[in-house]
Amino acid sequence: MSTTGATADPLAALAALPGVADSVESVRKAVDRVYGHRVMRRRSNEITSEAALRGARGTAALAGADWALEEVRRRSDFSGDEEARTMGAALRLTAEAGQLLSIWRQSPLRVLARLHLVAAADKDERIGRPRHEGEPVDEPLIGLPLPDAAEAHGRLEGLSELIIAGGSAPALVTAAVVHGELLALRPFTSHNGLVARTAERIVLVGSGLDPKSVCPAEVGHAELGREAYLRALEGYVSGTPEGLAAWIAHCGRAVGLGARESTAVCEALQRGAA
């Protein structure tokens with residue numbers, strides 16, 4: 001999707017696509033159910049912490065490190081093989097996201113660069129900046145055509161301008177576009193999927209839809225499965241109204257499933273079983 005179209009607020013225009021309003025309303029109801037749970041009034045910090053752990057597990061699963069939740073909870077060393085490093089990156093990003101909320105609306109590119117730096121945890125000069133022409137991208141699980149560096153830079157700037165300008169688009173729509181655009185562009189040489197899903201979380205939290213970060217969309221994306229995720233992403237990349245609406249709906253289902261996960265955690269805590 002090009003984010004530099006003729007309409008003054010292209011993100012708001014996406015909210016008018018068929019079916020998107022239903023997705024937005026469904027997400028709002030799912031989030032309201034979590035926030036209305038009696039456990040949230042007394043133990044919201046515990047729910048936030050558990051959602052962060054489960055979200056990290058979910059985003060790592062989509063990046064190829066599909067570990068059991070208890071294994072993530074048990075481990076303390078994530079410096080071993082590639083899967084362990086992926087899980088470590090996911091946990092670091094989840095922890096970092098909350099520190100970047102105040103910067104996002106003023107400087108989204110700075111936030112994205114920071115997320116890549118945190119994910120990669122490397123001193124390579126390619127880390128923490130968009131890729132240059134000719135630099136390879138290590139993102140084997142996303143097989144879509146890769147835009148060249150000039151196009152990636154231009155669209156990244158356009159996305160940044162839209163975020164800074166603000167607008168009337170629902171949080172779900174903005175989060176889905178940020179997520180989809182970063183996956184389509186893969187602006188960094190690595191860890192683009194992890195960064196994209198963290199950026200989606202930042203939008204959902206920073207918008208006020210999920211201020212306590214208890215509805216981890218990453219959980220839902222993992223539950224829906226990589227095949228459905230990539231199929232929906234292809235719709236986004238197609239740029240057609242149907243494809244864009246399908247991607248937004250997919251992201252909406254993911255948020256709803258994340259909300260359901262935290263509702264279950266609330267109920268377990270209420271029963272004294274967690």
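Position 1 is the first residue of the sequence, and the numbers go up from there.
With Glu223 as the fixed residue, the salt bridge (Lys or Arg N to Asp or Glu O under 4.0 Å) test singles out one of Arg260, Arg54, Arg253, Arg57: Arg260. Of the options Glu139, Arg126, His116, a side-chain hydrogen bond (donor to acceptor under 3.5 Å, both in side chains) to Ser190 is made by His116 and by none of the others.
In this structure, the side chain of Thr48 engages the main chain of Ser44 through a donor-acceptor pair within 3.5 Å. A distance-only check finds a donor-acceptor pair linking the side chain of Ser207 to the backbone of Val203 [under 3.5 Å]. Side-chain atoms of Thr189 do not come within 3.5 Å of backbone N or O of Pro136 as any donor-acceptor pair. Checking side-chain atoms of His153 against main-chain N and O of Pro187 turns up no donor-acceptor pair under 3.5 Å. With hydrogens and angles disregarded, no donor-acceptor distance shorter than 3.5 Å links the side chain of Asp210 to the backbone of Val205. At distances below 3.5 Å, at least one donor-acceptor pair connects side-chain atoms of Arg186 with backbone N or O atoms of Ala184. A donor-acceptor distance shorter than 3.5 angstrom exists from the side chain of Glu133 to the backbone of Ala149, with no hydrogens or angles considered. With hydrogens and angles ignored, the 3.5 Å screen pairs a side-chain donor or acceptor of Arg226 with a backbone N or O of Ala61.
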Walk me through it: do Phe188 and Leu194 pass the test side-chain contact (heavy atoms from CB on, under 4.5 Å)? CA-CA 11 Å; Phe188 301 108; Leu194 293 175; over 6 Å; no
Can Glu135 and Arg129 be said to form a salt bridge (charged side-chain N to carboxylate O under 4.0 Å, His left out), step by step? CA-CA 12 Å; Glu135 290 181 337; Arg129 63 154 173 80; 2.7 Å; yes
One pair to check against side-chain contact (heavy atoms from CB on, under 4.5 Å): Ile248 and Leu172. What are the steps and the verdict? CA-CA 7 Å; Ile248 294 168; Leu172 171 64; 4.1 Å; yes
After noting the C-alpha distance and the side-chain angles of Leu53 and Arg73, does the key distance pass the side-chain contact (heavy atoms from CB on, under 4.5 Å) rule? CA-CA 8 Å; Leu53 186 70; Arg73 206 188 299 278; 3.3 Å; yes
Report the C-alpha distance between Val177 and Leu159 in whole Å, list the side-chain angles of each, state the deciding distance to 0.1 Å, and finish with yes or no for side-chain contact (heavy atoms from CB on, under 4.5 Å). CA-CA 9 Å; Val177 168; Leu159 181 65; 4.2 Å; yes
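Proximity of Arg110 to Trp104: side-chain heavy atoms (C-beta onward) are nowhere separated by under 4.5 Å. Residues Leu182 and Asn192 have side chains not in contact (no heavy-atom distance under 4.5 Å, counting atoms from C-beta outward). The closest side-chain heavy-atom distance from Ile127 to Asp124 is below 4.5 Å. With a 4.5 Å cut-off on side-chain heavy atoms, Leu224 and Tyr229 do not count as touching. Leu269 has its side chain within reach of Ile47: a pair of non-hydrogen atoms, C-beta onward, lies under 4.5 Å apart. Looking only at side-chain heavy atoms (C-beta outward), Val39 and Glu267 stay at 4.5 Å or farther from each other. Annotation: side chain of Gln270 is in contact with side chain of His37 (closest heavy-atom distance under 4.5 Å). Contact annotation: the side chain of Ser23 never approaches that of His250 to less than 4.5 Å [non-hydrogen atoms, C-beta and beyond].
A distance of 12.5 Å separates SG in Cys266 from CZ in Arg33, rounded to the nearest 0.5 Å. For the atom pair CD (Glu83) and CG (Asp81), the distance works out to 6.0 Å, reported to the nearest 0.5 Å. One finds the NE2 atom of His191 at 9.0 Å from the CG atom of Asp122 (value rounded to the nearest 0.5 Å). To the nearest 0.5 angstrom, Leu230 atom CG is 7.5 Å from Leu141 atom CG. The CE atom of Met87 sits 8.0 Å away from atom CG of Asp66, with the distance rounded to the nearest 0.5 Å. Residue Ile202 holds its CD1 atom at 11.0 Å from CD of Glu200, rounded to the nearest 0.5 Å.
A side-chain N or O of Arg197 and one of Thr59 form a donor-acceptor pair less than 3.5 Å apart. Side chain to side chain, Arg85 and Ser79 fail the donor-acceptor criterion of an N or O pair below 3.5 Å.
Placement of Val137 and Leu112 in two distinct hydrophobic clusters is found when ILVMFWY residues are connected by side-chain heavy-atom separations under 4.5 Å, directly or transitively. Residue Leu91 is not grouped with residue Val219 when hydrophobic side chains (ILVMFWY) are merged at heavy-atom distances under 4.5 angstrom, including chains of intermediate members. Residue Leu109 is grouped with residue Val178 when hydrophobic side chains (ILVMFWY) are merged at heavy-atom distances under 4.5 angstrom, including chains of intermediate members. In this structure, Leu257 is not a member of the same hydrophobic cluster as Leu69, with clusters built from ILVMFWY side-chain heavy atoms closer than 4.5 Å. Residues Leu162 and Leu156 share a hydrophobic cluster, clusters being chains of Ile/Leu/Val/Met/Phe/Trp/Tyr side chains in contact below 4.5 Å.
The two residues Ala259 and Ala30 have their closest heavy-atom pair at CB-O, 3.7 Å. When all heavy atoms of Gly55 and Pro216 are compared, the closest pair comes out as CA-CB, 4.0 Å. The nearest pair of heavy atoms linking Gly206 to Leu101 is N-CD2, 3.9 Å.
When the side-chain hydrogen bond (donor to acceptor under 3.5 Å, both in side chains) test is applied to Arg41, no partner is found at least two apart in sequence or on another chain.
Residues Arg74 and Glu71 are paired through a salt bridge, judged by an N-O separation under 4.0 Å between the basic side chain and the carboxylate. Under the 4.0 Å criterion applied to side-chain N and carboxylate O atoms, Glu96 and Arg92 are not assigned as salt-bridge partners.
The aromatic rings of His179 and His221 sit perpendicular, their planes meeting at an angle over 60°, well past the 30° parallel limit.
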